[in-house]
Amino acid sequence: MDNTPVRVRFAPSPTGSLHIGGVRTALYNYLLAKKTGGQFIIRIEDTDQTRFVPGAEDYIYEALDWCGIKADEGVRQGGPYGPYRQSERKPMYRQYADQLVADGHAYYAFDTKEELDEMRDRLTKARVASPQYNSITRVQMKNSLTLPADEVAARLAGGDPYVIRLKVPRKEEIRLNDLIRGWVMVHSATLDDKVLMKSDGMPTYHLANVVDDYLMKITHVIRGEEWLPSAPTHVLLYKFLGWEDVMPKFAHLPLILKPDGNGKLSKRDGDALGFPVFPLEWTEQETGKVVKGFREEGFLPEAVVNFLALLGWNNGTHQEVYSMDELIQEFTAERIGKSGTKFDIAKARWFNQQYLHAKTSVQQAEYLLADLAKEGITTTNEYAAQVCALVQERTVFSGDFWKEGSFLFVAPTEFDATVAATKWSSDAAAVLTKFGAELAEYPSITADEAKHLLHEITDGLGIKIGKVMQAIRLAITGRAAGPDLMQVIAILGPAEVAQRCAYAIKTLATHLKPVV
RNA sequence: GGCCCGUUCGUCUAGGGGUUAGGACGCGUCCCUUUCACGGACGAAACACGGGUUCGAUUCCCGUACGGGCUACCA
């Protein structure tokens, strides 16, 4: 593929949190921009003032930032084609709508909401396949095509509410060459006369999008497949505005689907499905409900990016783990798949594990230290790193270091009930009593030394070590399973272990089977 | 309903007119391990269906089925 620098944009609406499909769209745009040495632009499409959600824009930026996706131009960083918020570009759109009207490609429409509903009802009852405002129905509606010129002028002068609609040609084949899907052909008869300018003076998505992409010199429009049906309308707009020669290339991304089979993944699915669909935590405005994001669940941004990148794209090799730089190097729009992809959280977890385990213990310790701080526990960086090294293969999420290693900071006060009931024995108590006592001789102990000591004791008592191992783990950690016990003992140190043995013997005494 | 897009293991996918249809996640068995996990080995598992085209189709074409998207003065 040729590597002419592209200009691409990610153009979200600030109507709520960004969901993970949006993040992928942003990522693909970003990758293509960086790969070609072009620019990635963030444009905020806030033309619908009724759906504006405060904080959504900040969220979008923070989320992309977390993922390592940085814009070259946008609301925050500015740029030569600003402003980058459509509400602030409002005065720029009018002239293009006027131009379209003047050229006979658009017209004023005065129909009320009720009249539009009535028209659709009527058409539905008449079993018209697709009831819409189009080349056929517009002749029966109130617009500048049907009303006398003087009435139109009077209405406009009198301040009657109106919209400007695109005058879609009656019979024309519209074709667009999608980078992912190839040629897509649509007959203009199936298109409706989309509103271009709303009665509040704001452009609709369709007009604003085309105008801004033109003005911002966008070369590639990479967006979700839900936009494919309106792409022909956009092609028409480029043509009517005389911009056909600089029309961007289109790439409509396959949608991310729910894992259970049907429908695209939506913002509401997170809770129902038991995994995040948002990059970051989001507080719902109306309900105040807090929905966790990938970040809060302990996912690493590198893992999320990697997982998302491969949800619908691959470079044809068997490579699965890619850094952002490698993705940039390898990415091509041509290798984006055509079909919708189900969201597989298990694979995401696997990626996270890969990235988490690839970190050094010192890096991992940062997660543990953060959790310890929340618990009010202080420790040294060295000790935290030691713990991380020990428990790392049991971790998938950043929060797992604390979950898996908490007993290395806090002595157990409760013991796994099942193990206590089935494995705790007088033999175990005897071994532990001796072990605790012997430990007093050691200022510190290595894993090997602990192992030898334990063997000595069990051999001396004539007890098979396998019989009591589970019970010893229980006594020292309170748990049924965990990392290598001898290393746990080494890290904890003889004094602490001795103390825990004593406590366990006392506490678990009730579990001893009565000696007959 | 109409328009548009899609369809290779359960999932993400590679491949492509003649292949033992490859990899990864997940799953199962075994090994390692006196635990769990990690790791290792092995295994089960797919070309939606029907017609063409062809010496030969999973691959190309057409239908059907199924899935998805859109069908607002929302993006």
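Numbers restart at 1 for each chain; the letters A, B, ... are given by sequence-line order, proteins then strands.
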Nearest-Å distance for atom pair [atom1]/[atom2], residues [X] and [N]:
{"X": "E393(A)", "N": "G40(B)", "atom1": "CD", "atom2": "P", "value": "13 Å"}
{"X": "N314(A)", "N": "U11(B)", "atom1": "CG", "atom2": "P", "value": "17 Å"}
{"X": "L265(A)", "N": "G67(B)", "atom1": "CG", "atom2": "P", "value": "19 Å"}
{"X": "I489(A)", "N": "U35(B)", "atom1": "CD1", "atom2": "P", "value": "15 Å"}
{"X": "H234(A)", "N": "C4(B)", "atom1": "NE2", "atom2": "C1'", "value": "14 Å"}
{"X": "E226(A)", "N": "U71(B)", "atom1": "CD", "atom2": "P", "value": "10 Å"}
{"X": "H206(A)", "N": "U71(B)", "atom1": "NE2", "atom2": "P", "value": "8 Å"}
{"X": "Q487(A)", "N": "U33(B)", "atom1": "CD", "atom2": "C1'", "value": "13 Å"}

Item to check | Contact letters for nucleotides 19-25 of chain B, in which S counts primed atoms plus P, OP1 and OP2 and B counts the base, heavy atoms under 4.0 Å | outcome: ---BBBS
Checklist entry - Want to settle it: does G466(A) or F343(A) sit nearer the 5' end of RNA chain B, counting the closest nucleotide to each? => result F343(A)
Checklist outcome for this item: Sorted by position of nearest nucleotide on RNA chain B, 5' first, the leading residue of T15(A) and L255(A) is L255(A)
At less than 4.0 Å, is any side-chain N or O atom of [X] found next to OP1 or OP2 of [N]? Yes or no.
{"X": "K451(A)", "N": "U33(B)", "value": "no"}
{"X": "R335(A)", "N": "G15(B)", "value": "yes"}
{"X": "T395(A)", "N": "A37(B)", "value": "no"}
{"X": "R165(A)", "N": "C73(B)", "value": "yes"}
{"X": "K264(A)", "N": "C70(B)", "value": "yes"}

Among [options], which nucleotide has an atom closest to any side-chain atom of [X]?
{"X": "D48(A)", "options": "C73(B), A75(B), A37(B)", "answer": "A75(B)"}
{"X": "S130(A)", "options": "C73(B), G68(B), G1(B)", "answer": "G1(B)"}
{"X": "Q132(A)", "options": "U71(B), C12(B), A75(B)", "answer": "U71(B)"}
{"X": "T341(A)", "options": "U13(B), A75(B), G1(B)", "answer": "U13(B)"}
{"X": "Q353(A)", "options": "C38(B), C12(B), C70(B)", "answer": "C38(B)"}
{"X": "T204(A)", "options": "C12(B), G2(B), C74(B)", "answer": "C74(B)"}

Across the strands shown, which category fits [X] at heavy-atom distances under 4.0 angstrom: base, sugar-phosphate, nothing?
{"X": "D111(A)", "answer": "base"}
{"X": "G316(A)", "answer": "sugar-phosphate"}
{"X": "T50(A)", "answer": "nothing"}
{"X": "P254(A)", "answer": "nothing"}

Give a yes-or-no answer on whether the side chains of [X] and [Y] include a donor-acceptor pair shorter than 3.5 Å.
{"X": "T137(A)", "Y": "N134(A)", "result": "yes"}
{"X": "D212(A)", "Y": "Y93(A)", "result": "yes"}
{"X": "Y107(A)", "Y": "D193(A)", "result": "yes"}
{"X": "S406(A)", "Y": "R479(A)", "result": "yes"}

Please list each protein N or O that sits under 3.5 Å from an N or O in nucleotides 5-7 of chain B, with the distance.
from	atom 1	to	atom 2	distance (Å)
C5(B)	O2'	R181(A)	NH1	2.5
C5(B)	O2'	E225(A)	OE2	2.8

What interatomic distance, in whole Å, is found between [atom1] of [M] and the corresponding atom of [N]?
{"N": "A57(B)", "M": "G15(B)", "atom1": "C1'", "value": "15 Å"}
{"N": "U11(B)", "M": "C5(B)", "atom1": "P", "value": "24 Å"}
{"N": "U29(B)", "M": "G16(B)", "atom1": "P", "value": "37 Å"}
{"N": "A48(B)", "M": "C42(B)", "atom1": "P", "value": "29 Å"}
{"N": "U20(B)", "M": "U33(B)", "atom1": "P", "value": "40 Å"}
{"N": "C27(B)", "M": "U19(B)", "atom1": "C1'", "value": "26 Å"}
{"N": "G22(B)", "M": "A75(B)", "atom1": "C1'", "value": "41 Å"}
{"N": "C32(B)", "M": "A24(B)", "atom1": "P", "value": "23 Å"}

Item to check | Trace of the side-chain contact (heavy atoms from CB on, under 4.5 Å) decision for H252(A) with I180(A) | outcome: CA-CA 7 Å; H252(A) 289 94; I180(A) 296 171; 5.7 Å; no
Partner nucleotide, any strand, of [N] [Watson-Crick/G-U, under 3.5 Å]:
{"N": "A45(B)", "value": "none"}
{"N": "C9(B)", "value": "none"}
{"N": "A57(B)", "value": "none"}

Checklist entry - Looking at Y108(A), does the NZ or CZ of R155(A) lie under 6.0 angstrom from its six-membered ring centre and within 45 degrees of the ring axis? => result no
Using a cut-off of 6.0 Å, state whether more than 12 heavy atoms not belonging to [X] lie near its atom [atom1].
{"X": "K359(A)", "atom1": "NZ", "value": "yes"}
{"X": "Q285(A)", "atom1": "CD", "value": "yes"}
{"X": "R349(A)", "atom1": "CZ", "value": "no"}

Checklist entry - Can a donor-acceptor pair under 3.5 Å be found between the side-chain atoms of S199(A) and the base atoms of C73(B)? => result yes
Item to check | Carboxylate-amine/guanidinium proximity below 4.0 Å for K467(A) and D427(A) | outcome: no
Checklist entry - Where do E449(A) and M486(A) land on the side-chain contact (heavy atoms from CB on, under 4.5 Å) test, with the steps shown first? => result CA-CA 9 Å; E449(A) 287 167 348; M486(A) 299 311 137; over 6 Å; no
Next on the checklist: Could you go through R500(A) and L492(A), starting from their C-alpha distance and side-chain angles, then the distance that decides it, and tell me whether this counts as side-chain contact (heavy atoms from CB on, under 4.5 Å)?
Outcome noted: CA-CA 10 Å; R500(A) 292 187 182 193; L492(A) 247 21; 3.5 Å; yes
Item to check | From CA spacing to verdict: side-chain contact (heavy atoms from CB on, under 4.5 Å), S361(A), Q392(A) | outcome: CA-CA 8 Å; S361(A) 321; Q392(A) 85 126 353; over 6 Å; no
